[in-house]
Amino acid sequence: MSSPRVVVVGSLNVDLVYRVAHLPLPGQTLLGTGLRRLSGGKGGNQAHAAARLAAPGTTVSMIAGVGTDDAGTFLRDDLRAVGVNVGGVVTVPGPSGMALIAVDDEGENAIVVIPGANTGWTDLPTDFGPADVVVVQLEIPVDVATRELSQARASGARTVLNAAPVDRAVLCLLDDVSVLVVNEIEARELFPVDGDLDDVTIADIRAGIPCDLVVTLGAVGVLVATDRVTRIPALEVQAIDTVGSGDAFVGALAAELANGSSLEAAARFGAVAGALTATVSGARYLGLVRGDVEALARSLE
Ligand code: ADP
């Protein structure tokens, strides 16, 4: 049996984050401050969390596209530095994906994403096996996501689809998905939910789809629906910025599934990673340490 592996198939973006007194009005020119260039993209954030938190012996690989610009080198080097295998990050002609993120004095933001190389993939180096947990999100074309999930499933891999940004087209892909992860807004977009997301509603949704379902509820915690529904409380933290919490959750969950844990245990592990990421500004928490997350996850049992 080959050793466990998390393979993240998805987006890599350079985040250009800057401060403005207020968000610009049409036709207005403003002076900004504090420009930061950060490595981002949902796929990259998930691979980062998985690599930080993977058990010894579990490898983490990224499959993505970057452009021919220096941002491509930056994105690849940044993931390599946390131990992600970037052999599957291909270079495609043109610019890398980029997100321009303006944050005003009230903490409100305005974001423009220019997908660049994230939509330019053609032949992908897909080589999945039964010991793999393959993670896909939707900042890449749905047809690429479809093909990767189908190949992963055919190879006997476990597949995790994080349907974000939400697209109802995923409802046709669920036969190739082992675990669907969505936040509450995405769950309401994909499934008929009137009123609260209570246990009966979640159990009904689960009964109507061919895969397990995980719904993240921000500071309220997580709902896991397999053949039963489990509610996992959130870790109590002083949250300052929840950007990237969902990505950290997914990366950590995948790492723990690859380690052989149950979906419930993996979701507890993910909930801690999501909560810790909410305590820092930005989408990635550089201080994620497996031993700490394991200990905090036990406190949620
Ligand atoms: P998304 O970023 O996709 O909207 P969530 O906000 O639901 O995802 O966050 C994912 C998980 O991270 C949550 O289920 C929760 O466990 C944890 N989390 C997020 N925000 C907080 C918070 N303010 N306090 C504690 N845990 C949080």
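Along the sequence shown, residues carry numbers from 1. Below, each value reflects all heavy atoms present in this structure, side chains not excepted, and no hydrogens, waters or symmetry copies.
- Closest non-hydrogen pair, Gly43 versus Val8, comes out as O-CG1, 3.5 Å.
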Worksheet entry | Check against side chain to side chain contact (heavy atoms under 4.5 Å, CB included), His48 and Val84 | CA-CA 7 Å; His48 175 270; Val84 176; 5.9 Å; no
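- Checked by atom type and distance alone, the side chain of Glu139 never pairs as donor or acceptor with a backbone atom of Ser11 at under 3.5 Å.
- Remark: Leu31 CG is loosely packed, at most 12 non-hydrogen atoms of other residues, nucleotides or ligands lying under 6.0 Å away.
- The backbone N or O of Ser261 lies less than 3.5 Å from no partner atom in the side chain of Asn259, so there is not a single donor-acceptor pair.
- Here Leu53 contributes atom CG and Leu288 contributes atom CG; the two are 5.0 Å apart, rounded to the nearest 0.5 Å.
- Between the side chain of Thr159 and the main chain of Ser178, a donor-acceptor pair closer than 3.5 Å is present.
- Looking at Asn45, its side chain never comes within 3.5 Å of a backbone N or O of Ala248 through a donor-acceptor pair.
- Judged by distance alone, with hydrogens and angles left aside, the side-chain atoms of Arg158 form no donor-acceptor pair with the main-chain N or O of Asp132 at under 3.5 Å.
- By the 4.5 Å heavy-atom criterion applied to side chains, Phe128 and Arg153 are not counted as neighbours.
- Both Val177 and Val144 are members of a single hydrophobic cluster when ILVMFWY side chains are connected at heavy-atom separations under 4.5 Å.
- A donor-acceptor pair is defined here as one N or O able to donate and one able to accept, closer than 3.5 Å; such a pair exists between the side chain of Asn183 and the backbone of Ile185.
- Under the side-chain hydrogen bond (donor to acceptor under 3.5 Å, both in side chains) criterion, Ser61 pairs with no residue, sequence neighbours left out.
- By the 4.0 Å N-to-carboxylate-O rule, Glu264 lies too far from Arg268 to be salt-bridged with it.
- Using a 4.5 Å heavy-atom threshold, the side chains of Asn13 and Met98 count as separate.
- Contact detail for Gly57 and Ser3: the closest heavy-atom pair is O-CB, 3.8 Å.
- Considering CG of Asp104 and NE2 of His22, their distance stands at 9.0 Å, rounded to 0.5 Å.
- Of the possible donor and acceptor atoms, none in the side chain of Asp176 sits under 3.5 Å from a partner among the backbone N and O of Leu173.
- Within the 4.5 Å cutoff, no side-chain heavy atoms of Val215 are placed close to those of Phe191.
- Taking CG of Leu138 as the reference point, atom NZ of Lys42 lies at 9.5 Å (rounded to 0.5 Å).
- One distance of note links CG of Leu23 with CG of Asn109; it measures 7.5 Å at 0.5 Å rounding.
- When all heavy atoms of Leu180 and Cys211 are compared, the pair lying nearest together is CB-SG, 3.9 Å.
- For the residue pair Asp204 and Thr201, no side-chain donor N or O sits within less than 3.5 Å of a side-chain acceptor on the partner.
- For the residue pair Gly40 and Leu75, the shortest heavy atom distance occurs at N-CD2, 4.3 Å.
- Rounding to the nearest 0.5 Å places CG of Leu235 at 12.5 Å from CD1 of Ile232.
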Item to complete: Could you give me the CA-CA distance, side-chain angles and deciding distance for Val160 and Leu257, then say whether side chain to side chain contact (heavy atoms under 4.5 Å, CB included) is met?
Response: CA-CA 10 Å; Val160 176; Leu257 286 178; 4.0 Å; yes
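- Interatomic distance, CZ of Arg188 versus CG of Asp194, reported as 8.5 Å (0.5 Å rounding).
- Hydrophobic clustering (side-chain heavy atoms under 4.5 Å, transitive across Ile, Leu, Val, Met, Phe, Trp, Tyr) keeps Val243 apart from Val166.
- Counting all heavy atoms, side chain and backbone alike, Val193 lies closest to Asp196 at CG1-O, 4.1 Å.
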Practice prompt. Go through the steps to decide whether Glu184 and Leu197 satisfy the test side chain to side chain contact (heavy atoms under 4.5 Å, CB included), and finish with yes or no.
Written response: CA-CA 8 Å; Glu184 182 169 358; Leu197 268 180; 3.6 Å; yes
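- The number of heavy atoms from other shown groups lying within 6.0 Å of CD (Glu301) is above 12.
- Applying the side chain to side chain contact (heavy atoms under 4.5 Å, CB included) test between Val182 and each of Leu213, Leu161, Asn162 identifies Leu213 as the sole match.
- Applying the side chain to side chain contact (heavy atoms under 4.5 Å, CB included) test to Pro4 and every residue at least two apart in sequence or in another chain returns Thr58, Ala258.
- Cluster annotation: Val17 is not connected to Leu100 through the hydrophobic network of ILVMFWY side chains, with a link wherever side-chain heavy atoms come within less than 4.5 Å.
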Worksheet item: Which is it for Ser96 and Asp69 under the side chain to side chain donor-acceptor pair (under 3.5 Å) test, yes or no, and what are the steps along the way?
Response: CA-CA 7 Å; Ser96 299; Asp69 48 9; 2.7 Å; yes
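- For Ala102 against Val20, the heavy-atom pair with the smallest separation is CB-CG2, 4.3 Å.
- Between Asp199 and Leu223, some side-chain heavy-atom pair lies under the 4.5 Å cut-off.
- Contact check for Leu12 versus Leu79: side-chain heavy atoms found under the 4.5 Å cut-off.
- In summary, Asp15 and Arg284 do not engage in a salt bridge, as defined by a charged side-chain N under 4.0 Å from a carboxylate O.
- Residue Val289 is not grouped with residue Val293 when hydrophobic side chains (ILVMFWY) are merged at heavy-atom distances under 4.5 angstrom, including chains of intermediate members.
- Side-chain atoms of Arg168 come within 3.5 Å of backbone N or O of Glu189 as a donor-acceptor pair.
- Checked against side chain to side chain contact (heavy atoms under 4.5 Å, CB included), Leu35 has the following partners two or more places apart in sequence or in another chain: Leu16, Tyr18.
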Worksheet entry | side chain to side chain contact (heavy atoms under 4.5 Å, CB included) between Arg76 and Thr91, worked out | CA-CA 10 Å; Arg76 217 189 243 112; Thr91 304; 2.8 Å; yes
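- No side-chain heavy atom of Gln238 sits less than 4.5 Å from a side-chain heavy atom of Thr279.
- In this structure, Val220 is a member of the same hydrophobic cluster as Ile202, with clusters built from ILVMFWY side-chain heavy atoms closer than 4.5 Å.
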